[in-house]
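Okay, so here's the structure we're looking at.
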Amino acid sequence: MSTELVNVADIFGENVFNDTVMQERLPKKIYKNLKKTIEEGKELDLETADVIAHEMKEWAIEKGATHYTHWFQPLTGVTAEKHDSFISAPLPSGKVLMSFSGKELIKGEPDASSFPSGGLRATFEARGYTAWDCTSPAFVRKDAAGATLCIPTAFCSYKGEALDQKTPLLRSMEAVGAQSLRLLRLFGNTTSKKVTPSVGPEQEYFLVDAEKFKQRKDLIYTGRTLFGAMPPKGQELDDHYFGTIRQRIAAFMKDVNEELWKVGVSSKTQHNEVAPAQHELAPIYAEANIAVDHNHLVMQTLKRVASQHGMKCLLHEKPFAGVNGSGKHNNWSLTTDDGINMLEPGKTPHENTQFLLVLTCILKAVNRHADLLRESAADPGNDHRLGANEAPPAIISVFLGEQLEDVLEQLISTGEATHSLKGGKLETGVKTLPDLAKDATDRNRTSPFAFTGNKFEFRMVGSRDSVAAPNVVINTIVAEAFAEACGVLEKADDFDMAVHDLIKEYAIENQKIVFNGDGYSEAWVEEAKRRGLPNITSMVEAIPAMTTDKAVELFEKFNVFTKAELESRAEIQYESYAKAINIEARTMIDMASKQIIPAIMRYTKTLADTVISVREAGADTTVQSELLTEVSNLLVETKNALNVLIQVTDTAAEKEEGEVQANYYHSDVVPAMDNLRAPVDQLEMIVDKDVWPMPSYGDLIFEV
Ligand code: ADP
Ligand code: MG
């Protein structure tokens with residue numbers, strides 16, 4: 001922990017093998033080859049790779065690195081790495097050489113069989129390949145293990161099936177990039193060479209004291225509290241105390257920022273005023289694959305730095321029932337290599353037409369594939385969050401803001417938008433779509449897919465999840481909508497007329513996905529049902545969306561997933577759901593049997609002893625007896641619920657793995673967990689605090 005002040009410009013990217021470093025260190029020809037590979041997506045030849053590997057190694061060793069790793073994102077939800085030393089076999093002189101070849105740089109061979117493959121492994125060889133994603137720069141990470149050269153990598157099976165999050169992401173980026181360019185060309189753009197999705201994921205998280213964390217088995221094993229009653233509001237929140245917390249958090253944030261800046265992540269940590277324990281970190285947006293890599297670095301750094309400060313960082317979507325959960329807002333737009341944001345409303349009617357087409361294509365994409373988007377945010381933790389009167393509802397809808405919605409309505413009713421609302425006042429006389437001031441789009445916090453001025457913000461994503469999956473979906477569904485629009489427009493005799501008609505058609509057909517009201521309200525659930533929008537309230541119900549004919553056709557058309565890859569991913573989703581609930585159920589059983597029930601039994605004994613001595617003293621025992629009865633009754637309820645949970649958890653283990661088992665966990669084990677929690681939480685409210693075997697919510701949230 002340092003209190004020194006640092007100059008951001010000095011440290012930013014100091015541990016990144018970035019463009020500046022490459023330009024400095026690589027021979028001109030090699031640098032040019034690499035740039036070509038990066039820009040045009042060509043394969044890197046071995047000769048070039050050898051030179052780059054050598055320079056990368058020299059640079060990393062100067063930074064103190066002894067090992068390198070292909071840093072990749074298998075389907076376990078976390079990143080994986082296999083560390084190899086630079087040290088080669090000892091020379092006759094007894095010395096060692098530090099070596100790293102081009103082959104080692106562009107290809108590694110971790111054993112694929114140790115990572116989930118959802119059945120792909122059974123049909124194909126167990127060998128897996130990792131390949132450098134040279135569009136995401138390598139970096140040196142410094143931690144307790146020393147300094148390691150990390151090479152961002154894609155991970156595939158021997159036959160090329162994607163076994164990770166990154167491969168489909170890169171494929172989807174290519175798809176949406178190509179279709180975007182096609183669309184731009186139709187509008188007369190001849191200068192842009194490449195379009196890339198830009199992503200800025202905002203990360204929410206909780207910080208709790210490490211000592212208190214260690215006293216809760218549920219936090220240790222599952223990342224969330226499985227028992228716990230809400231604290232009385234405002235507890236212990238005097239200003240002085242709050243001030244001390246802030247100092248501790250501020251020191252943490254300073255270190256997080258510095259660590260991230262060094263590896264090239266432009267982070268801005270923020271204090272969240274809602275509860276002292278919850279915070280947010282937003283990076284400056286980057287190309288989708290880099291943003292995904294950076295978000296993994298953010299999550300790892302938050303955890304590591306928290307530990308160094310005697311805290312634990314909770315990334316779970318819902319660490320505390322009844323308290324606001326954590327998500328990840330995925331900000332998304334399309335940017336050309338010459339700096340045009342395709343989601344920026346234009347200044348001229350011509351630009352506006354292009355913008356309106358892009359916008360209505362996105363409406364169409366989201367409306368058609370709402371189920372896929374919902375699935376991309378499915379995660380066992382998010383089941384507690386989506387639709388739970390806080391974070392966005394489980395229903396996908398699009399928020400456009402008053403101005404844009406008004407424009408769409410005009411298009412639909414008159415076929416032409418001739419004025420737009422500005423600050424509530426109607427401005428007329430400007431053709432098509434004048435001046436959509438960014439500030440005029442008010443912030444609807446309840447919408448899952450909101451237009452925020454020049455980007456869309458997908459807010460369903462869970463705080464723990466990789467943002468790869470949601471971006472794979474957004475990129476691909478938008479690629480499809482663009483492709484269809486281009487298909488029509490390329491054949492049109494009168495382009496202006498055709499665009500006009502298409503925008504109108506898309507606006508009419510997809511109007512039902514637009515919703516600007518309160519997404520948390522009961523009325524919206526009803527209204528959405530009336531509109532025929534899917535309301536998918538759980539992960540197990542979301543998974544089938546991945547393998548529908550519609551999904552297979554979409555992903556195969558754009559070479560993002562094969563049917564086999566989709567099926568394997570659905571299988572992995574079911575498995576990971578079952579595993580997560582199984583761990584939670586077993587942790588509850590353990591805590592209830594070994595901690596909670598014994599503590600309550602001791603407490604009832606104390607109460608009973610008190611009743612006897614008070615009676616002996618000749619005093620009234622009404623209160624003591626009442627409390628004893630109340631606690632004893634809840635204890636009976638607890639024990640019965642525990643028995644049921646044990647029984648259903650055992651039954652679950654015997655079910656056929658995959659869909660059947662996951663569904664059983666959802667339909668039988670989860671309710672049994674809730675039924676055990678209810679009496680225990682009631683007990684926590686009436687039992688002497690000293691008797692309770694673990695820190696309470698209040699202790700965890702307000703005493704960071
Ligand atoms: P908001 O107030 O809407 O949350 P911010 O300016 O705080 O907006 O940005 C939130 C996140 O969105 C940041 O990570 C930011 O880098 C990202 N962002 C901003 N503009 C874009 C864009 N055009 N495309 C993708 N992400 C963006
Ligand atoms: Mg935001």
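Scope of the values below: all heavy atoms of this structure, side chains included, with no hydrogens, waters or symmetry mates. Throughout, residue positions are numbered sequentially from 1 according to the sequence presented. All ligand and atom numbering here is 1-based and tracks the order in the structure.
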Location of contacts on T335 toward ligand 1, heavy atoms closer than 4.0 Å:
neither

Does [X] pair with [Y] as a salt bridge, N-O distance under 4.0 Å?
{"X": "K254", "Y": "E258", "value": "yes"}
{"X": "R171", "Y": "E565", "value": "yes"}
{"X": "E259", "Y": "K142", "value": "no"}
{"X": "D383", "Y": "K318", "value": "no"}

Tell me which one of M342, E457, K455 gets a heavy atom nearest to atom 8 (O) of ligand 1.
K455

Starting from the C-alpha separation in whole Å, work towards a yes-or-no answer on side-chain contact (heavy atoms from CB on, under 4.5 Å) for F456 and I474.
CA-CA 10 Å; F456 271 101; I474 299 174; over 6 Å; no

Quick one: which ligand 1 atoms are inside 4.0 Å of a heavy atom on [X]?
{"X": "P283", "value": "13 (C), 14 (O), 15 (C), 16 (O)"}
{"X": "S198", "value": "24 (N), 25 (C)"}
{"X": "N341", "value": "23 (N)"}
{"X": "G200", "value": "14 (O), 26 (N)"}
{"X": "I284", "value": "16 (O)"}

Any nitrogen or oxygen of [X] lying under 3.5 Å from a nitrogen or oxygen in ligand 1? Just yes or no.
{"X": "Y285", "result": "yes"}
{"X": "N331", "result": "yes"}
{"X": "P201", "result": "no"}

Residues that F558 engages under ring-ring contact (aromatic ring centres under 6.0 Å, His included), provided they are two or more places apart
none

Given K328, which partner from the list E317, Q203, E204 fulfils the side chain to side chain donor-acceptor pair (under 3.5 Å) test?
Q203

Does even one non-hydrogen atom of H329 get within less than 4.0 Å of ligand 1?
no

Would you name the heavy atoms of L372 and A545 that are closest together and state the gap between them?
CD2-O, 3.5 Å

